[in-house]
Amino acid sequence: MMEQYHALKREAGECLLFYRMGDFFELFFDDAKVAAGVLDIALTSRGESGGESVPMCGVPVHSADGYLARLIRAGHRVAIAEQVETPDEAKARAKAEGKPSSKVLVARQIIRFVTAGTLTEDALLEPRRANRLAAVCDVRGRMGIAACDISTGRMELEEADAGGLSAALSRLGASEIVAPEDWAMAPDEATLRPASDFASERGRKRLQDLHGVSTLDAFGDFSRAMLAAAGGLLAYLEHAGRGAMPFLLPPTVNASDALMAIDEASRTSLEITATQAGARAGSLLGTVDRCVTSAGARLLAEDLSAPLARKPAIDGRLALVRFFHEDPILRSDTREALRAIPDIARALARLVADRGSPRDLGQVRDGLAQARMLHASLSRLPDLPALLTELLPRLTGHAGLVDELGRALVPSPPTERSNGGFIAEGYDAALDSLRETSGNARRAIAALEAGYRKETGVSSLKIKHNGVLGYFIEVPARHGDALMAPDSGFTHRQTMANAVRFNSLHLHEEANRIAEAGGRALAAEEAHFESLAQLVVEAREAIARTADGLARIDVAAGLAERAAEGDWCAPQIEDAPCLDIVAGRHPVVEAALAKAGERFVPNDCGLDDTGRLWLIGGPNMGGKSTFLRANALIVLLAQAGSYVPAQSARIGLVDRLFSRVGASDNLARGRSTFMVEMVETAAILAQATPRSFVILDEVGRGTSTYDGLALAWAVAEAIHEQNRCRCLFATHYHELARLAETCEALSLHHVRAREWQGDLVLLHEVSEGPADRSYGLAVAKLAGVPAGVVDRASAVLAKLERGREETGGLAAGLGDLPLFSAAFQAEEDACDTLREKLSALDIDALSPREALDMLYELKREAGES
């Protein structure tokens, strides 16, 4: 057995090996040590290897999914080694091979690799979260990205430059990433696979074979990088499924200009789908989600992760939300109908992957039937929005399949199919007859038991059944001798401590009738399951479209419900780079305050060509960061197709959204807090366009006062003059107010605060004009800093302020600086060139004539005659 185990373990590689032994999956050696620690189960031993006992632990097969889920969440991958023959088949094989049957070993094979990105079972998946597998590669400097969710069949391809790879992966939120083993840029967490899997032509051929087509033209225009990534993805799925491919729909292409770009740091800062602690509750998604189906919740998360960047598509989603928002009764009825719809997409994927159950067939039946009813109620309504008109045909057209499944299945089919009982009475007359035979035989056994009691006079006689002996007669030990007589009609089978077991001719005949009828009945039900599953598989693409349509309707109705709850407004989307928000609120903070019985203070925000950069000062805890994030989330919600928490909102399309609000160190990558801040700021300055929206909070705070002020000053100038994007810039550097003298599109604002009787009162209101001070000592007092420390700080502050007044302050002389501009940058670049040439000169090696020529050349490059 250990030889077989070691051979399978070599095949499993780094995966933990679940080795099937009877009713348990066993793990040995280091696998057992790892699993026992993660699963908190007993670590035992079995036999010896190399003179030492073999560590071992195991989990029951019937509850293996729960243990698998814990191992996958802990970051492990598992290979499932199943018994692929019965003990009787093993003995027959041994006999045919001329081997002793007593030493035969049941054959085992790895039938599947279970990894984070290849899950389909309900027990292993989060219902309201997509489970994506992504493959990435580099083809001549272009990053190919292929992603799929095999639990629903969705597949998408895209291409990015090197700088956009992390943003794309962050948006996808893949559970597992696959990359070529020889790629230096492979993500640290990636599973590495042979580079040959990532050949573009091989990827094209794999896609063609998967979908049974000779060309991919009907699916879209795919670049070489996309096809290479698709090849790697499909090769990994084939490996994980041991040759069996999961359900995958034709791939769609994510065009780079169709979605708002949001980098990983901004996603983390804005807490779009999860908080920085990793929780769904407290995130934007957790606050907005009112979907009543799991599929709708997954689609909403995708919408928020990838807001649209094209006005027609956004307006189409908003019109559907408005349709449900304006009619509360329609919204309520639709949501009630949706609530009864099971997760068709995941049930379909399991059936296509041959991992389905009778319950999955029932879910497809019930979901499609409910979809047809929803179609009937919605299609009668007048003035349907264009998106709904497009979706409604997807909800119908399954009449034959629904009827067949309705006749074939019991109302609530079981999860397991091995025990039968899921085919409805009346669907198959032959099956009904077998069931009747089996039922009659059981009644005959009951009558036989009563007759044997009367015949023997043993009232405690019982006819029982177990998996080893089958049916048998059992009497207490004291009555055993009476049935041992040769003419009793009973045959002794087993003597127990307190009972004796027998057989009889009549019992044997009835048991055979039950076994035969039951076995034939189970075989008939299995055949029906296969044929019904095949009907579903044949209609898989139409069923998937139905599931997608239902999810989109659920998202729209849920967003309408959220808008009605919070008095949200429909945003007006424009092509011009504007941002005009009246009484905007932060949805997550407002929800938290409402739970505490407090009111959120709304604020206006107006950015356009004449005032596209707001410089915002004021005290800590005054609401600057909340104001910044609130406006970023309003923009994100609007372009995702949602109403927004404001009185009104006019939003110019945003191509890229950046948020540099707060930072933490990343010591594993050798980055301090300030380094992280600068890396994020550098990304903004390099990538923001005039159509972008940027929020910046406290640039330069992680270094000395002079360094920080200098950096904040230069960053603000660069955003104003070079990026020319819409930007909210919060700062404690009051000296930056002088930028308003030279930056025509910069306006000064502050969050209001007042000191009253020695206490600080934070008003959380944003007003025009510069901040007079930061109230840092007052905030320290609010935080509980000892009074003596606060008093000492006050004395030090007074002395510092006197010194600043005498010297003209930190910003003295900054007003004479030329404005940071393209021309200024060109001048600085020229100076850098001169410095490089001077540094490279070997003065001692120059002749007098060469030295003079060099001086003339340097003067010409410096722009002097």
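Keep in mind that what you see is a predicted model, and the values were worked out from it rather than measured.
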Nearest-0.5 Å distance that lies between atom CG in Asn254 and atom CD1 in Ile145 = 9.0 Å
Hey, does the side chain of His720 reach the backbone of Ala745 with a donor-acceptor pair shorter than 3.5 angstrom?
-> yes
Trp614 meets the ring-ring contact (aromatic ring centres under 6.0 Å, His included) criterion, sequence neighbours left out, with His749
Polar side-chain atom of Arg726 near backbone of Asp608 as donor-acceptor pair, under 3.5 Å | no
Donor-acceptor contact present, side-chain Thr334 to main-chain Arg331, <3.5 Å = no
For Gly618, does its backbone N or O pair with a side-chain atom of His750 as donor and acceptor, under 3.5 Å?
-> no
Does Met260 offer a backbone N or O that forms a donor-acceptor pair with the side chain of Gln639 under 3.5 Å?
-> no
Output for pair (Leu391 CG, Thr546 OG1), nearest 0.5 Å, gives 10.5 Å
Charged N to carboxylate O under 4.0 angstrom, Arg656 versus Asp263?
-> no
Judged by atom type as modelled, is there a donor-acceptor pair below 3.5 Å linking the side chain of Asn603 to the main-chain atoms of Gly584?
-> no
Distance, nearest 0.5 Å, that separates SG of Cys291 from CZ of Arg128 = 6.5 Å
Which distance, rounded to the nearest 0.5 Å, do you find between the SG of Cys727 and the CD1 of Ile684?
-> 8.0 Å
So, are Glu390 and Arg552 salt-bridged, with charged N and O less than 4.0 Å apart?
-> no
Output yes when Arg298 and Asp149 qualify as a salt bridge under the 4.0 Å nitrogen-oxygen rule, no when they do not.
-> no
For a salt bridge (charged side-chain N to carboxylate O under 4.0 Å, His left out) with Asp289, tell me which candidate from Arg280, Arg562, Arg129 qualifies.
-> Arg280
Does Arg317 use its side chain to pair, donor to acceptor, with the backbone of Ala640 at less than 3.5 Å?
-> yes
Should the heavy atoms of other residues, nucleotides or ligands under 6.0 Å from CD of Glu574 be counted, would the total exceed 12?
-> yes
Determine yes or no for a side-chain-to-main-chain donor-acceptor pair under 3.5 angstrom, with Arg267 supplying the side chain and Ile272 the backbone.
-> no
With salt bridge (charged side-chain N to carboxylate O under 4.0 Å, His left out) as the test, would you mind laying out the steps for Glu302 and Arg132 before giving the verdict?
-> CA-CA 11 Å; Glu302 183 176 322; Arg132 288 190 181 90; 3.1 Å; yes
About how many Å separate CG of Leu320 and CG of Leu384, when rounded to the nearest 0.5 Å?
-> 10.0 Å
Output the distance between atom CD (Gln370) and atom CD1 (Ile341), rounded to the nearest 0.5 Å.
-> 5.5 Å
Minimum heavy-atom separation for Cys725 to Ala688, with atom names?
-> SG-CB, 4.2 Å
Which heavy-atom pair separates Ser266 from Leu657 by the least distance, and what is that distance?
-> OG-O, 3.8 Å
Looking only at heavy atoms, what is the nearest atom pair of Ser269 and Arg629, with distance?
-> O-NE, 3.2 Å
Would you say the side chain of Leu308 lies within less than 4.5 Å of the side chain of Leu259, judging by non-hydrogen atoms?
-> yes
